[in-house]
Amino acid sequence: MASKLETNLSAAVDKDDLMIPLIDFGPFFTGTPSDKHSVALSITEAFKTSGFIYLKAHGIPPSIVSGVFASSARFFARPQSEKDSLGWTTPQSNRGYVAIGREKLTTVDETEGVDTLRVSAPDIKETMEIGRDGVKNLPNRWPDHLDDEGKHFKETMQSFFEMGKTLHKHIMQAIALGMNLPEQFFEDSVNGGDNTLRLLHYPPVSKEVFKNNPNQVRAGEHSDYGSITLLFQDRHGGLQVRSPKGTFVDATPIPDTIVVNAGDLLARWSNDTIKSTRHRVIQPTAPSGDDVSDYPARYSIAYFCQPNKEKLIEALPGTYGDEIQVPKKYSAITSGDYLVQRLTATY
């Protein structure tokens, strides 16, 4: 007879020793204590093996997600001059519009060569970065002064930002239970909402761009920086996750799900018992039989969850010590300092 852990999930991706489960988060909210614990274990175990999950019944209505995608598309359709007037300024702020070619995502060990990579194979995307409102001297770059659509954009994204913050707390509660910690263990570490809502637009690209440059991707291989990332994909796809065999495996979009992955700080927190797995975005596969000259535009929404900036990230109890013969692998660092370090290398 299947266990509750087994019946709670199925494989969304299963290739090259990479298994990413599809997990029903509903029982975490409405089930028995046993159901809740089963969901928590399934999430934590997946983060320990693949570093990725697909999450359904997560509490954010599909109509809300559709509205955010539509508002994002209207923003990126604005004249370039309007977008540039809302430009990203500093790693400390990490707010505002980022034009195509400015950011080059890399792995930690490639940061010294990022300038060369940016020239030879720039990331073909533009983004809008939105942080927590009300931070002194670090205002969001809202377009609400431009027109009524700008006002609607601000209201839509502020509301969605709070939904992401709430889901972050719930998933961290599940991770705590899955690691045999009290359910509210992370509450004081993530309650500030020092997160980043990133809207992404990958414009249409000629097939010749990728044909002429084998190293060209829409977003380079990288790991994420924070605790977890909530990724909302459109139907075109393009996300690939690095497998244990070193190959890149398609993480195909599944309607009404969120792709959730563990980030670097959660890996550090867990002393690498949880994996921050590398991933990238490539050109999507054209529909069967289609002979297209351009790859279609792609939109996605990434909600980067970050522990409170002042939180000192160091190995959690039970992940190191003489009794398990595992040393601490990382020196302590605050969440904010780590984020600034990575952003400084990226831009």
Side-chain angles (χ1 to χ4, degrees), residues 2-29 31 35-62 64-66 69 164 167-168 170-172 174-175 178 200 202 217-219 221-224 227-263 266-267 274-285 287-288 298-305:
S3 68
K4 286 185 178 180
L5 181 61
E6 290 169 333
T7 56
N8 179 59
L9 51 85
S10 57
V13 175
D14 192 359
K15 184 179 179 181
D16 289 353
D17 295 336
L18 178 74
M19 203 290 278
I20 302 177
L22 172 59
I23 297 175
D24 182 355
F25 205 34
F28 190 83
F29 300 116
D35 293 333
K36 189 172 190 175
H37 191 250
S38 176
V39 173
L41 283 176
S42 65
I43 290 173
T44 306
E45 287 305 307
F47 282 159
K48 289 180 178 180
T49 52
S50 69
F52 273 76
I53 62 173
Y54 283 66
L55 201 65
K56 67 178 182 178
H58 43 72
I60 301 179
I64 296 293
V65 177
S66 296
F69 268 104
L167 183 54
H168 178 208
H170 289 313
I171 295 174
M172 294 305 293
I175 293 169
L200 296 108
Y202 302 86
V217 291
R218 279 180 154 174
E221 178 184 352
H222 64 283
S223 59
D224 291 345
S227 51
I228 60 172
T229 299
L230 313 175
L231 178 66
F232 303 79
Q233 301 193 76
D234 70 6
R235 63 184 178 86
H236 292 298
L239 174 67
Q240 292 188 324
V241 180
R242 189 177 181 91
S243 76
K245 292 184 176 181
T247 59
F248 278 96
V249 177
D250 291 335
T252 304
I254 298 176
D256 301 334
T257 67
I258 303 172
V259 175
V260 185
N261 62 282
L266 186 56
I274 285 174
K275 293 183 178 180
S276 179
T277 303
R278 295 179 180 183
H279 49 285
R280 67 182 186 181
V281 178
I282 64 164
Q283 66 278 17
T285 302
S288 178
R298 176 183 188 261
Y299 294 87
S300 65
I301 303 162
Y303 190 89
F304 296 112
C305 301

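The figures that follow rest on heavy atoms only: side chains count, while hydrogens, waters and symmetry mates do not. Note that the structure is a prediction, hence the values are computed from the model and not measured. Residues take their numbers from the sequence shown, with the count starting at 1.
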Pairwise side-chain contact, [X] with [Y], heavy-atom cut-off 4.5 Å (strictly under):
{"X": "Ile175", "Y": "Ile171", "result": "yes"}
{"X": "His236", "Y": "Tyr202", "result": "no"}
{"X": "Ser300", "Y": "Asp234", "result": "no"}
{"X": "Ser50", "Y": "Met19", "result": "no"}
{"X": "Asp24", "Y": "Val39", "result": "no"}
{"X": "Val281", "Y": "Gln240", "result": "no"}

With sequence neighbours left out, write down each residue that passes ring pair (Phe, Tyr, Trp, His ring centres under 6.0 Å) with [X], or none if nothing qualifies.
{"X": "Tyr303", "answer": "Phe161"}
{"X": "Tyr299", "answer": "His201"}
{"X": "Phe304", "answer": "none"}

Heavy-atom pair with the smallest gap, counting every atom of [X] and [Y]:
{"X": "Phe232", "Y": "Phe69", "value": "O-CZ, 3.4 Å"}
{"X": "Ala174", "Y": "Ala40", "value": "O-CB, 3.2 Å"}
{"X": "Asp250", "Y": "Val13", "value": "O-CG2, 3.8 Å"}

Expected output: side-chain Arg298 to main-chain Gly237 donor-acceptor under 3.5 Å |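 Yes; at least one donor-acceptor contact below 3.5 Å.
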Quick check: does any side chain N or O of Gln233 sit under 3.5 Å from a backbone N or O of Ala251, one acting as donor and the other as acceptor?
-> yes
Apply side chain to side chain contact (heavy atoms under 4.5 Å, CB included) to [X] and list each qualifying residue two or more places apart in sequence or on a separate chain.
{"X": "Asp256", "value": "Pro62"}
{"X": "Lys15", "value": "Val249"}
{"X": "Ser276", "value": "Ser223, Asp264, Ala267"}
{"X": "Thr257", "value": "Leu22, Tyr54, Lys56, Ile254"}

So, taking the atom named [atom1] in [X] and the one named [atom2] in [Y], what distance separates them when rounded to the nearest 0.5 Å?
{"X": "Ile43", "Y": "Ile23", "atom1": "CD1", "atom2": "CD1", "result": "5.0 Å"}
{"X": "Leu266", "Y": "Phe47", "atom1": "CG", "atom2": "CZ", "result": "7.0 Å"}
{"X": "Ile258", "Y": "Ile53", "atom1": "CD1", "atom2": "CD1", "result": "9.0 Å"}
{"X": "Ile274", "Y": "Asn261", "atom1": "CD1", "atom2": "CG", "result": "12.0 Å"}
{"X": "Met172", "Y": "Leu167", "atom1": "CE", "atom2": "CG", "result": "12.0 Å"}
{"X": "Leu41", "Y": "Lys36", "atom1": "CG", "atom2": "NZ", "result": "13.0 Å"}

Residues which pass side chain to side chain donor-acceptor pair (under 3.5 Å) with [X], listed by chain and number, not counting sequence neighbours:
{"X": "His279", "answer": "His222, Asp224"}
{"X": "Asp16", "answer": "Thr247"}
{"X": "Lys275", "answer": "none"}
{"X": "Thr277", "answer": "none"}

Between Leu231 and Val260, does a side-chain contact (heavy atoms from CB on, under 4.5 Å) hold up when you go through it step by step?
-> CA-CA 6 Å; Leu231 178 66; Val260 185; over 6 Å; no
Relative to each other, are the rings of Phe29 and Phe25 parallel, tilted or perpendicular (30° and 60° limits)?
->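 Perpendicular, since the angle between the ring planes exceeds 60°.
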